[in-house]
Amino acid sequence: MSSFDDSDAFEQASLSARAMAARGVDYLDDLNPAQRAAVEQLDGPVLMLAGAGTGKTKALTVRIVHLLKTGTARPDEILAVTFTNKAAREMKDRVGGMLGQPAEGMPWLGTFHAICVKLLRRHAELIGFDRDDVVIESADDRVHLKSNFTILDTDDQLRLLKQLVQAAGIDDKRWPARMLAGIIDDWKNRALTPDKVPAGDAGAFNHKGVELYAQYQRRLVELNAVDFGDLLLHMVCIFQASPDILEQYRRWFRYILVDEYQDTNVAQYLWLRLLAGGHRNICCVGDDDQSIYGWRGAEVGNILRFEKDFPGAKVVRLEQNYRSTPHILAAASNVIRGNENRLGKELWTEAQDGEKVRLIGHWDGEEEARWIGEEIEAMQGGTRRARPFGLDEMAVLVRASHQMRAFEDRFLTIGLPYRVIGGPRFYERMEIRDAMAYFRVVVSPEDDLAFERIVNTPKRGLGDKARQTIQATARAQGVPLLRGAAIAVENGLIKGKGGAALRDLVTGLARWGRMVGDAGVTHIELAEIILDESGYTAMWQNDKTPEAPGRLENLKELVKALEGFENLQGFLEHVSLIMENDAGDAGAKVSIMTLHAAKGLEFPAVFLPGWEDGLFPSQRSMDETGLKGLEEERRLAYVGITRAEEVCTISFAGNRRVYGQWQSAMPSRFIDELPEDHVEVLTPPGLYGSTGGSMGGSTPAPTVDSRAARADVYNSPGWKRMQARAARPGQSTGLSQPRESRTVVIDAEAVSSFARGERVFHQKFGYGEITGIEGDKVEVAFEKAGTKKVVARFLSASDDIPF
DNA sequence: GAGCGCCGTTTTTTT
DNA sequence: AACGGCGCTC
């Protein structure tokens, strides 16, 4: 609100900006021509296609500075949107740094969600419904949001949905609330209110999806709550329904900047298009080749369509890369070239040659982890060709988080310090949610979901029965649960220990509530009082599980985090939007993370393990969305390779344990797409016959040297067979050979090569006899390991064994 | 109401 | 394999 009213501060700010502008625009000098073009075109639609490592953030920040310093816009007239808080913070810092003063004067630089919260708080009353089924008599005949609405987290959302699913008489086992949450989320991402859900989606969730969605939206309003999707959805609805309000903001936000435009979903796209509709001063920055969030509603189409949406748009390509060696760029470029749907960019660099992308194949996942662990240790000391790398200069990037375990296990055993990025986030941990729920109830006694969470945490002897009593009382009186609980206690409806404990809780909450505005108690002290007097701290102190001490630590951290805020409300607001990752622990460590988490980061040395068909590209992705999915996987490969500055090492394993079962796999088709000239195939130590995949004719022929003597397990026919298949000669691109046909061949071969009663050999379990065959799975009675079901491909006829 | 054991699931993740 | 959720039993 303040930003709309007190414009004096901004007058002054822009005056000094003009003064600075008079001194010249030297900040433009260290931009390259493309960056400069994107910065200087201030008016009209601009699409900045910024490849990986091309100085995108720099161009974006300079553009903001340019808008300010030329006096084109005041700080509060610029709407600058990002996806993550991290990106927002970085931009704020950099703009502030360039201006030589904190950029706090930019109230509209933030994430989509943070900005929407601000807007929605001003117009909350526009979201609601007419009360047609009068249950509770009230002066209002319309139920609507209030500006102090709460933002539900996923947990609250699920609990609410589950209640609705059960109330609708649907078996929540066959139709889990999670699924419904996903469907609703999808609809919200597409800016579909219940009445706009297309007929084609009507069958969703046992034909009850739309109805439940409508009920859910109603309940949210009744609870004075919104979920994340609502933040955008509601604002789009308001803009669409109230042209005058839209007009007001169109006039206010004179310049719009959008970061990571390729990640926008339909709702965000509509929101932007509505706001930019008048002046069209919108600059979208993004990289279609790095769109990797299609599975959560992002539409690459938005960026591909930009010129159609904004005719006359200026499109600037940032293609000069300042991050990686030419070999790495060539590898990335060649892979991404396989995508049909892209605008097309070619990264180039002035950098010198550097090392080729390294490729190595391993027998199994453990072997791969072992090798990478050793390689990391070796690279710390420096190798013949490469400089020494610090641990924090190296990263292992995986496709799926379950792949991280192999590396954690391995690094733990060899004592290699590592850090996992993107693990369970601080504010998603149980104890933090519990504590926050206490704060929420204290601050807003009508927060039913929070009350439900804490009513029996710690255990107060309040089970289902007590809960039902409380709920019935509250419903009968038309009051929130906490008030209902108070009434139930007064009337002695809950007996025994539980009743006494509930009385304590209710009086406690009331007491703490009175302390919220009390000047004598800081909010930090209040937080401690709440956690102690409620018995929550004691609960963990008495807990003997190994996690308990850590949880107490986290609670301490939570209280410490309060220091940065003026009151509990402010903190709760912040947390519901931030969900920050507090991986701030110091010390040089190797980073392990998913490819998704790695977007936007860079490391001198990068390891990309698990490049096997089915794992990467992920089978599921291809099954669910076909070519679209494959292209997104390929972009993920592109993102992975372009994270590397100096050394990029790609690897695959022939066998891997997936969900407890051994599975063998082909090297990833993306490996076929790596350009031979820029790849060096490494030979694993002690491995005879390694070819490192289907690098075709250029692959150094495996040499029969002294290593042959050490060839033990790797010399098995199964391994050789896999190698032979992986190394089909003459296929350097892989494009000409459909992968499917190869897979079929292998399966047929594998299935047909064994018969019941045959004696076989298995790498892990030794010798055995086949007792049954089902498809490609074979039951084998092993001599030492007992009877097990294994994948046929993993077996070899025992007479093949050369020793 | 708490504890145990069975069953089903299992990509990627921000806000 | 490993975890979480649910239902059953005490």
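Just so you know, these numbers use all the heavy atoms, side chains as well, and skip hydrogens, waters and symmetry mates. Chain letters run A, B, ... following the sequence lines, proteins first, then strands; residues in each count from 1.
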Sugar-phosphate only, base, or nothing, as touched by A/Gly461 at under 4.0 Å among non-hydrogen atoms: sugar-phosphate
Touch class at under 4.0 angstrom, heavy-atom based, for A/Leu615 against every strand present: nothing
Phosphate OP1/OP2 of B/dT14 contacted by A/Thr111 side-chain N/O (<4.0 Å): no
Protein proximity profile, nucleotides 1-8 of chain C - base contact B, sugar-phosphate-only contact S, no contact -, cut-off 4.0 Å on heavy atoms: BS---S--
Spacing of A/Phe83 atom CZ relative to B/dT13 atom P, expressed in whole Å: 16 Å
Tabulate atom names and distances for all N/O pairs under 3.5 angstrom spanning the protein and nucleotides 3-6 of chain B.
none

Whole-Å gap separating P (B/dT13) and CG (A/Leu636): 10 Å
Lys/Arg-Asp/Glu bridge criterion (N-O < 4.0 Å) met for A/Glu632, A/Arg635: yes
Pairing residues for A/Glu624 by the side-chain hydrogen bond (donor to acceptor under 3.5 Å, both in side chains) criterion, not counting sequence neighbours: A/Arg620
Reported CD-to-OH distance for the pair A/Gln157 and A/Tyr216, which is rounded to 0.5 angstrom: 3.5 Å
Side chain to side chain contact (heavy atoms under 4.5 Å, CB included) against A/Asp155, all qualifying residues, sequence neighbours excluded: A/Asp153, A/Arg159, A/Arg433, A/Arg453
Cationic N near anionic O, under 4.0 Å, A/Glu631 to A/Arg342: no
Phosphate OP1/OP2 of B/dT15 contacted by A/Asn85 side-chain N/O (<4.0 Å): yes
Touch class at under 4.0 angstrom, heavy-atom based, for A/Glu624 against every strand present: base
side-chain hydrogen bond (donor to acceptor under 3.5 Å, both in side chains) between A/Ser621 and A/Glu633, intermediate numbers included: CA-CA 8 Å; A/Ser621 188; A/Glu633 295 288 311; 3.2 Å; yes
Selection from B/dT11, B/dT14, B/dT13 that lies nearest to any side-chain heavy atom of A/Thr84: B/dT14
Where at least one partner belongs to residues 168-188 of chain A, residue pairs that pass ring-ring contact (aromatic ring centres under 6.0 Å, His included), sequence neighbours excluded: A/Trp175-A/Phe205, A/Trp187-A/Tyr213
Enclosure of A/Arg273 CZ (heavy-atom neighbours >12, cutoff 6.0 Å): no
Residues forming a ring pair (Phe, Tyr, Trp, His ring centres under 6.0 Å) with A/His123, sequence neighbours excluded: A/Tyr249
Nearest-nucleotide 5' precedence on DNA chain B, A/Arg620 against A/Leu462: A/Leu462
N or O in side chain of A/Arg296 less than 4.0 angstrom from B/dT13 OP1/OP2: no
